[in-house]
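Notes follow once the structure below has been shown.
Quick note on labels: first sequence line is chain A, next is B, and so on, each numbered from 1.
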Amino acid sequence: MSTTKLKVVGKPTPKLDAGVRVSGKAVYGCDVNLPGMLFGAVLRAKFPCADIVAVDVSKAASLPGVACVITADSVDTNNISHKRDHPILKKGEVSCLRDEIAAVAATSREIAQKALSLIKVKYRVKEGIFDPFRALEPSAPQINRYGRNSFSNKNIAEEFHYEHGDLEGEKNRSACRIKRRYFLPRVTHCCLATSNITADYSPTERRLTLYSSTQVPFLYQRDMAHALKLEPSNIRVIQVTIGGGFGSKLDMYPFEPIAAILSMKTGRPVQIVYDRREEFLASPTRQMMVIDLMTGADTEGRFTFREVDIILDNGAYTSWGATTPFVMMQTFSSLYRVPACKFAARAVYTNNPYAGSMRGYGNPQATFALERNIDVMAREIGIDRAEIRLINANFPGEVTGQGLTYRTCGHRQALQTVIEKSGYGKTRDRQSGARRYKRGMGFASMLHVAGGAKIYRSDGCGTTVKLDAFGYLTVITGSNEIGQGSETVLAMIASEELGIGLDKIRVINSDTDIKPWDVGVHASRTSFVAGNSLLGAVGKLKEILSPKAAALLKTGVSDLVYEDEYIRSMTTGERIKLDKVVREIHFQKPNELCIANHFYEPNSELQDKEYRGNVSSAFAFGSQAVEVEVDTCTGNVRVLDVYVAQDVGRVLNPLGLQGQIEGGVVMGLGHALMEELIVENGRVLNPDFHNYKLPTASDVPNIRFYPVETLDQEGPYGAKGVGEAPLVPTPAAIANAVSDALGVEISSLPLTPENILKAIVEKHGI
Amino acid sequence: MEFEVKSPGTRSELLSAIIKTRTGFRFGAGYTDLIPELRKNGSPVRTIINLARLNDKRFTAITVTKRGIRIGALVTAARLADDPTIREYLPVLAQATSDMASPQIRQVATIGGNLCTASPAGDGACALMALEAECELLNSRNQARTITLASFFLGPRKTALERDELLQSVFVPANSGVRLFSGFIKVGTRRSMECSVVSLAYHVQTDSSGNVVHSGIAIGSAAPVIRFAHSACSLLLGKNLETMTVQDAGRFAQNVLEHASPISDLRASAWYRRQVLFNISKALFSERQGAAETNGSYEGKAHELH
């Protein structure tokens with residue numbers, strides 16, 4: 001890998017799949033249409049907490065066009081989720097409104113829906129528990145009886161404790177201690193493609209093929225096999241074009257094995273596609289949480305300690321999302337320097353819709369609480385808000401209390417960049433007087449894993465590269481594309497290294513029967529891990545190509561460069577076409593294929609039981625400055641400018657990077673200002689885009705992006721992970737800006753006009 | 001959701017379609033509201049009489065006479081927002097329709113649909129209420145009757161239309177003043193694709209020295225139906241806009257609020273609706289000097305619009 005003169009990497013490159021996407025040729029889940037395919041539909045609970053007294057499916061089963069009806073009694077399955085606390089079809093009781101009671105497969109969607117309406121379920125309604133604090137009371141009944149629970153309370157699904165440093169000592173020497181409680185709402189992914197699955201079971205081959213939108217095909221294959229009691233290798237997962245992942249496809253949900261069971265029972269392909277309402281009702285959300293945070297600083301504004309206690313509303317079943325405290329504790333222990341930290345988090349079962357994982361994985365919530373407290377501390381101590389952040393910024397070479405090792409660290413540079421670019425300090429006069437519109441500026445930083453995250457035994461990725469006799473390269477990567485642009489980045493890397501044009505490179509990444517193993521798309525890891533894996537494979541391919549080329553060019557292998565589809569001798573200037581070299585290798589001695597495999601495992605560590613260890617090979621840092629204008633008549637917040645500086649290691653594809661930054665900021669803006677899945681007594685009250693407010697194009701502010709390139713030696717060309725990071729500090733920075741504009745404290749999201757107006761009225765009166 | 005679609009091209013085909021359709025039917029024009037409604041309610045509607053292909057000037061034209069401006073029910077929001085006559089003489093309507101939904105929806109959404117759906121949040125309807133519009137209703141016997149917009153709305157989603165009637169056009173009487181202070185304030189969470197949480201339509205006409213000679217004020221999403229704020233209009237009569245005091249503005253806002261009886265729903269509480277309605281009403285006159293840059297309202301001429 002040479003980074004001296006990059007020809008492809010660093011150049012704005014449109015996504016390889018842009019053409020098929022914009023021309024409507026991309027095959028999304030709902031576009032899959034197999035011969036003889038049936039349509040599946042799921043009957044869900046009518047009450048969030050009830051005993052099921054009886055289920056009668058006879059009328060549905062006899063409806064013409066219905067091929068199969070299943071209930072818990074007609075299937076033999078294992079529970080799903082990493083806690084194995086989630087039955088695929090519920091028997092005896094329901095614990096939330098999403099609960100699957102029965103499912104049908106029919107010749108049309110309409111007949112399937114009609115069949116659902118003919119299923120009679122008799123309930124004995126019970127009082128549910130919708131408040132996680134209530135669930136923790138001794139008198140509360142056990143909500144989920146499946147989980148293996150060794151925690152301090154029967155309704156705790158996951159529990160985390162972490163600490164470093166001398167907490168009491170640091171508390172005592174603090175000049176300022178700030179304690180606040182923060183409330184973070186349920187928001188959801190709003191993927192444009194709704195949840196979908198097409199299952200195709202072949203009774204003759206006993207093979208199950210799944211056309212799926214999963215982000216983690218190999219873990220999915222294993223989970224599906226466990227659920228259905230099949231051999232994992234008899235399950236083939238083919239990824240369709242994914243219309244939005246954002247973490248929502250990290251877990252497998254009941255509808256997926258349900259489709260497989262319906263296909264196995266009927267011997268025909270079965271497709272389940274949610275409509276938008278079902279997507280809102282039955283797909284996961286970000287964790288709703290309550291964060292109690294106490295932080296301290298000395299008289300100079302140096303941070304002394306943090307003490308955190310978090311309650312997460314888990315809902316009725318557990319998803320990977322319950323492990324978001326892994327990420328949150330990193331932010332509390334290691335974003336800005338802090339000598340002591342004590343962190344506790346409990347994910348608590350309730351009868352609410354269950355939460356899942358979502359871009360940032362707890363980090364936007366943690367960062368919101370932390371950065372709000374920093375603003376309050378700055379005011380208490382009487383130190384400038386930008387200054388206090390600079391004083392405490394992370395630095396290269398730092399090893400944090402949790403053992404995170406910052407080999408490279410652009411935190412300080414990112415902070416300085418947004419402080420300078422935003423013109424902070426020069427805009428103060430804008431908010432003087434009693435004008436209707438008040439302006440404010442807010443800052444926030446973030447820390448996120450950026451070199452994978454070792455939470456499974458391996459965080460690795462396999463790659464196979466194949467160069468054919470016509471000079472075309474096929475990259476078969478374990479990683480996958482969920483819209484983040486990794487396919488394009490991989491092709492760019494291969495193009496850079498081998499001197500082959502992007503039009504002669506194919507990336508194959510969607511079929512578990514073909515591609516080598518990979519953990520999946522999560523933790524902003526793909527470009528880093530799959531990029532390194534590809535570089536390893538290309539290196540091995542060159543070990544096949546270079547000796548032959550050197551022999552043909554009568555020179556040594558170290559004299560060769562790969563460029564413009566040729567291999568050239570630097571000393572003689574003589575060159576030979578790449579495809580000719582391949583043919584010489586194929587058809588002459590040594591009669592070898594130009595194929596190479598590589599498995600890359602990042603050098604990160606699994607954390608110990610105290611959650612210490614360098615969990616990622618690199619860390620991303622970022623800072624944002626946000627300027628807002630608040631209409632004090634209506635409470636409307638308009639985000640005017642967002643200045644983003646992010647340590648990305650190196651820019652691989654400026655176009656793709658800009659897209660990730662802008663998309664992240666807008667997602668964070670929605671979280672900050674308007675998004676909330678409103679749930680009352682276990683029921684979702686706004687399961688539609690009419691009342692679940694997603695930002696539109698006209699809400700998008702000016703987004704000014706300044707990449708910070710720290711060239712991390714572990715990353716491909718020095719690059720770090722990017723995907724989740726831009727979202728993480730945005731809600732915090734917006735909240736800080738609104739607080740600055742109005743002089744009010746902000747302790748919850750979203751900052752809807754009504755919540756803002758309430759704060760104004762509370763402060764000033766009407 | 002399955003139904004038959006009849007697409008009359010002429011007035012006589014339309015009337016015959018109404019007469020011949022015996023099962024439950026609905027009129028459809030832009031379908032931006034109808035399709036979601038039918039999907040949501042699993043409606044028993046068997047037939048849609050599709051007006052989108054109807055070629056009849058009474059339904060499709062904007063006609064200007066000395067008496068006023070007639071707007072066909074099938075005129076789209078996009079056309080109203082762009083029409084030079086509307087922009088010049090009825091800025092409140094141009095602004096309401098240009099802030100509505102999204103460009104795609106404005107291309108097909110009709111003003112007739114905005115009225116007939118009888119939503120208390122209808123933006124075009126709120127503007128037309130401030131303009132004291134009249135509705136021209138046509139029945140299947142080809143007879144027309146005219147009623148005021150105020151009497152057209154009976155309640156949320158309820159209109160004075162008989163089973164065999166449809167809205168043919170709306171008529172806005174000519175302005176009596178020489179200068180206009182006319183605009184539409186839409187309050188919502190986001191800047192587009194938004195159903196008004198509260199709206200205020202104002203169409204204030206003055207003589208050349210700024211004395212109010214006629215005014216129309218209407219409020220949306222603040223009551224079961226869109227309301228015309230009579231007492232607020234009376235308060236303005238004879239006042240000079242240039243010399244209105246902050247106290248006048250406060251009294252005006254109080255008078256507007258008299259007409260509000262909002263509910264609490266998912267989008268906002270009744271408290272918020274009342275509070276905001278008061279604030280924006282007051283700001284309308286207390287901030288009028290800097291109005292162009294502060295509240296987005298504008299005066300009079302089309303070429304001054306941004």
Inset, instruction - Report, by ascending residue number, the residues of residues 750-757 of chain A in heavy-atom contact with chain B at a distance under 4.5 Å; give 'none' if the set is empty. - result: Pro753(A), Glu754(A), Leu757(A)
For [X], which atoms come within 4.5 Å of any heavy atom of chain B: side chain, backbone, both, or neither?
{"X": "Asn636(A)", "value": "side chain"}
{"X": "Asn691(A)", "value": "side chain"}
{"X": "Arg277(A)", "value": "neither"}

Inset, instruction - Please name the residue in the list Leu80(B), Thr76(B), Asp123(B) that meets the side-chain contact (heavy atoms from CB on, under 4.5 Å) test with Thr97(B). - result: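 Among the candidates, only Leu80(B) passes.
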Legend entry - With Pro364(A), the side-chain contact (heavy atoms from CB on, under 4.5 Å) member among Met358(A), Arg286(A), Arg359(A):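 Running side-chain contact (heavy atoms from CB on, under 4.5 Å) over Met358(A), Arg286(A), Arg359(A) with Pro364(A) returns exactly one hit, Arg286(A).
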Inset, instruction - Please name the pair of heavy atoms, one in Phe228(B) and one in Ala130(B), separated by the smallest distance, quoted to 0.1 Å. - result: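 Smallest interatomic distance, heavy atoms only, reads CE1-O, 4.0 Å.
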Inset, instruction - Quick one: sort the Phe285(B) and Phe252(B) rings into parallel, tilted or perpendicular, breaks at 30° and 60°. - result: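 The arrangement is perpendicular - the two ring planes meet at more than 60°.
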Would you check if [X] and [Y] make a side-chain contact, meaning some heavy-atom pair closer than 4.5 Å?
{"X": "Tyr272(B)", "Y": "Val187(B)", "answer": "yes"}
{"X": "Phe25(B)", "Y": "Val45(B)", "answer": "no"}
{"X": "Phe689(A)", "Y": "Cys190(A)", "answer": "yes"}

Inset, instruction - Decide if the gap between the ring center of Tyr274(A) and the ring center of Phe280(A) is smaller than 6.0 angstrom. - result: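 Centroid separation for Tyr274(A) and Phe280(A): 6.0 Å or greater.
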Legend entry - Per-residue contact mode, Ser269(B) against chain A (heavy atom under 4.5 angstrom):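 Looking at Ser269(B), backbone and side chain both touch chain A.
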Legend entry - Contact leader toward chain A among Asp265(B), Val198(B), Val276(B), Val197(B), where contacts are heavy-atom pairs under 4.5 Å: Val276(B)
